[in-house]
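Below, read A as the first sequence line, B as the second, and so on, with proteins coming before strands; counting in each chain starts at 1. Just so it is clear, the structure is predicted and the values come from calculations on it, not from any experiment.
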Amino acid sequence: MIRVRFAPSPTGYLHIGGARTALFNYLFAKKNNGKFILRIEDTDAERSTEESVKIILESLKWLKILWDEGPEVGGEYGPYFQSQRLHIYKEFAQKLLNEGKAYKCYCTKEELEQQRQKAEKMKIPFKYDSKCRNAKEQDKPYTIRIKINNGGETEVNDLIRGKVVFKNDVLDDFILVRQDGMPTYNFVATVDDILMKITHVIRGEDHLSNTPKQLHIYKALNEKPPQFAHIPLILGNDRSRLSKRHGATSVTEYKEKGFLPEAFVNYLALLGWSPDSEENVFSIDELIKNFSLERVHKSGAMFDNNKLLWLNGVYLREKITEDDFVNLCLPYLLKDKIISDSDIKDNFNYIKKVVLLEREKIKILSEISYSVEYFFKDEIKIDDDAKKIWEENKSIKNDVLKVILNVVNEEGVDKIKVENRLKDEIKSFNIKPKIFMHIIRIALTGRITGPGLFDIIEILGKEKVLRRIEKAFSIS
RNA sequence: GUCCCCAUGGUCAAGCGGUUAAGACAUCGCCCUUUCAAGGCGGUAUCGCGGGUUCAAUUCCCGCUGGGGACGCCA
């Protein structure tokens, strides 16, 4: 049985990179009928917060990357919060101490810091000098360090990178347990991966250099290590590791902007992995079906917001129903005060018609508010491009408006009728249809772009159209 | 600085010794069209450099260069 895990530390929101790591783990597990485990690595008491745990769980749920074992769902290898497993780590540390594979170190932080700075000055890498290996038992605070023997090398057989060799000499006797008794990352991750029977560790490439350390812990514990697969990092637009300064990095932000989780997951899957076909659009089930570690890339991938935007547009217009689209738009319209709760009750049909006009156009849901604003507000704000058109056609503007006024007065707002009449009327003007339509469009919307003009007229209705046209005569 | 990883268009990438070097996003042009989109068609654009190996290297090996990551009592 294949068992993989995603093990975030709750020190902030769920990062895009973390989300993709979780996704690859999830896809690999589902593809192989295995289990996907979620473990919270909260051994850093200072920085871990409950709020952060909440956000991470919510983000994963939003992405529909659901775990088989872990917080909220439990499982037979729990608890899944490391802060609740401290007694276990203590036991393991004691065992290593008893077997002479680890030792107590009485060096202070200050002493070590001094040595570190000295090494830096001499431009040599800092390595703890193993001074306390043979120290006598003392009544002083201590850390627990693992004994790393000099010489030889440690091989990591990575599923993505192949064999990677590290000389043991680059390692020092690193700390397993802090002075305050809290165990450290490399130690707990290893112990838990053993206890939780993890078969494959799929994680970011930044962990590759931790792997030899963990391999030494496996060895000291006489345990067989799992398979490792280090996936490439997600890069910002300057090719450095994606971080806040590159823009939105949290899953939450993408959710709020109005990306669909399916589109987001689809995009994430395409970063660092490529399918065996020319397809780009994949449902989660198709991703599961097609996923394999063999097709994961080795090099880092830049996060391309453009492609994400495009993909989200595809989902918005092709992968969800009209009703879904409308319902997904409502929260944004409410939030931006374009509509109120009572509007939804009383005017749902109108809202629906309006919103659907934009389905082909918007790329993220949050764009809906601005794009349909003029359908709900009678004070039309005329933007700069529109002003220019009116200015350039000053001499005929009001004549055009007179035409549309008459047409609507006589024909109503049926879009076929209006269109036929208007196309007929254009003939008496010596201007391009484009300009003719623009002038009317501006009177109704204040803009020179938007849905079909006749759709706008029909949906606005006779009363609003007449009112806006009349008002437009006196605006320049 | 030391160790490790990586290297195909602007971006994501296919390729796994012989190819007209796929495809997608972006970009440009055309078509459709009342605008903007969407859609259709087409164009521009890629194997970092230098050595080998080989009849033949984008592909294999070495070096260089460049980029990234790790060097915590963070994870």
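A:R241 has no side-chain polar atom (N or O) that falls below the 4.0 Å cut-off from OP1 or OP2 of B:rC5. Between A:S277 and B:rG23 there is no side-chain polar atom (N or O) within less than 4.0 angstrom of OP1 or OP2.
Other residues, nucleotides and ligands contribute at most 12 non-hydrogen atoms within 6.0 Å of the OH atom of A:Y142. Other residues, nucleotides and ligands place no more than 12 heavy atoms under 6.0 Å from the CD atom of A:E46. In the displayed structure, A:K167 atom NZ is contacted under 6.0 Å by at most 12 heavy atoms of other residues, nucleotides or ligands. When the shell of 6.0 Å around CD of A:E410 is examined, it contains more than 12 heavy atoms from other residues, nucleotides or ligands. Dense packing is recorded around NZ of A:K464, with more than 12 heavy atoms of other residues, nucleotides or ligands lying under 6.0 Å away.
Taking atom CD1 on A:I124 and atom P on B:rC3, their separation rounds to 13 Å, with Å as the unit. Rounded to whole Å, the distance from CG on A:L233 to C1' on B:rA7 is 16 Å. Nucleotide B:rU35 holds its P atom 14 Å from the CG atom of A:D455, rounded to whole Å. Following rounding to the nearest Å, A:E278 (CD) and B:rA24 (P) show an atom-to-atom distance of 7 Å. The distance from atom CZ of A:F166 to atom C1' of B:rU2 is 13 Å, rounded to the nearest whole Å. Across the protein-nucleic acid pair, A:K298 atom NZ and B:rA14 atom C1' stand 15 Å apart, rounded to whole Å. Here B:rC3 presents its C1' atom at 18 Å from NE2 of A:H207, a figure rounded to the nearest Å. Across the protein-nucleic acid pair, A:D173 atom CG and B:rG72 atom P stand 14 Å apart, rounded to whole Å.
Because its NZ or CZ atom is both nearer than 6.0 Å to the ring centre of A:Y370 and within 45° of the ring axis, A:R447 counts as a cation-pi partner of that residue. Remark: A:R145 qualifies as a cation-pi partner of A:Y128 under the 6.0 Å distance and 45° angle criteria applied to the six-membered ring.
Taking a pair to require two hydrogen-bonding distances under 3.5 Å in either a Watson-Crick or a G-U wobble arrangement, B:rG23 pairs with B:rC12. The nucleotide B:rG29 finds its pairing partner in B:rC41, both defining distances of the Watson-Crick or G-U wobble pair being shorter than 3.5 Å. Pair assignment for B:rU35 gives none, since no Watson-Crick or G-U wobble pairing has each distance under 3.5 Å. In this entry B:rG66 has B:rC6 as its Watson-Crick or G-U wobble partner, both defining distances falling under 3.5 Å.
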- Given the rule in the side-chain contact (heavy atoms from CB on, under 4.5 Å) test, do A:I56 and A:Y13 qualify, once you have shown the distances and angles that lead to the verdict? CA-CA 6 Å; A:I56 290 170; A:Y13 49 72; over 6 Å; no
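Remark: side-chain polar atoms of A:N393 are not paired, donor with acceptor, to backbone N or O of A:I396 under 3.5 angstrom.
For A:R441 against B:rU34, a side-chain-to-base donor-acceptor contact under 3.5 Å is present. The base of B:rA70 has none of its N or O atoms less than 3.5 Å from a complementary donor or acceptor on the side chain of A:N210.
The salt bridge (Lys or Arg N to Asp or Glu O under 4.0 Å) contacts involving residues 231-250 of chain A comprise A:D206-A:R241, A:D238-A:R245, where partners must be two or more places apart or lie in separate chains. Within the structure, side chain to side chain donor-acceptor pair (under 3.5 Å) pairs that include any residue of residues 262-273 of chain A comprise A:K64-A:E262, A:N266-A:Y315 (at least two apart or interchain).
For residues 425-435 of chain A, proximity to RNA chain B is found at A:K434, defined as any non-hydrogen atom under 4.0 angstrom from a strand atom. For the contact set between residues 105-116 of chain A and RNA chain B, defined by any heavy atom under 4.0 Å, the members are A:C107, A:T108, A:K109, A:L112, A:R116. Residues of residues 357-370 of chain A that place a heavy atom closer than 4.0 Å to RNA chain B, in numerical order, are A:E360, A:K361, A:K363. Listed by residue number, A:R161 are the residues of residues 152-161 of chain A with a heavy-atom contact under 4.0 Å to RNA chain B.
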Just the atom pairs and distances: protein N or O near nucleotides 11-13 of chain B's N or O, under 3.5 Å.
| from | atom 1 | to | atom 2 | distance (Å) |
| --- | --- | --- | --- | --- |
| B:rC12 | OP1 | A:R239 | NH2 | 2.9 |
| B:rC12 | OP1 | A:M302 | N | 3.0 |
| B:rC12 | O2' | A:L270 | O | 3.0 |
| B:rA13 | OP1 | A:G272 | N | 2.6 |
| B:rA13 | O3' | A:S274 | OG | 3.3 |
| B:rA13 | O3' | A:H297 | NE2 | 2.7 |

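At a threshold of 4.0 angstrom between heavy atoms, the contacts of A:R39 with the nucleic acid are absent.
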Taking distance alone, no hydrogens or angles, what donor-acceptor pairs closer than 3.5 Å link side-chain atoms of residues 300-311 of chain A to residues at least two apart or in another chain?
| from | atom 1 | to | atom 2 | distance (Å) |
| --- | --- | --- | --- | --- |
| A:D304 | OD1 | A:N306 | N | 3.1 |
| A:N305 | ND2 | A:Y254 | OH | 3.4 |

Result block: side-chain N/O donor-acceptor pairs under 3.5 angstrom for residues 422-429 of chain A, not counting sequence neighbours:
| from | atom 1 | to | atom 2 | distance (Å) |
| --- | --- | --- | --- | --- |
| A:K423 | NZ | A:E419 | OE2 | 2.6 |
| A:D424 | OD1 | A:K427 | NZ | 3.1 |
| A:E425 | OE2 | A:R421 | NH2 | 3.2 |
| A:S428 | OG | A:E425 | O | 2.8 |

Report, one line per pair, each donor and acceptor closer than 3.5 Å where one atom sits in a side chain of residues 114-121 of chain A; sequence neighbours left out.
| from | atom 1 | to | atom 2 | distance (Å) |
| --- | --- | --- | --- | --- |
| A:R116 | NH1 | A:E113 | OE1 | 3.2 |
| A:Q117 | NE2 | A:E113 | OE2 | 3.4 |

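Using modelled atom types, one finds a donor on one side chain and an acceptor on the other under 3.5 Å when comparing A:Q82 with A:D192.
Applying the ring pair (Phe, Tyr, Trp, His ring centres under 6.0 Å) criterion to A:Y185, with sequence neighbours excluded, gives A:H207. For A:V177, the side chain to side chain contact (heavy atoms under 4.5 Å, CB included) partners are A:A93, A:I144, A:F187, not counting sequence neighbours.
Rounded to whole Å, the C1' atom of B:rG63 lies 32 Å from the corresponding atom of B:rA22.
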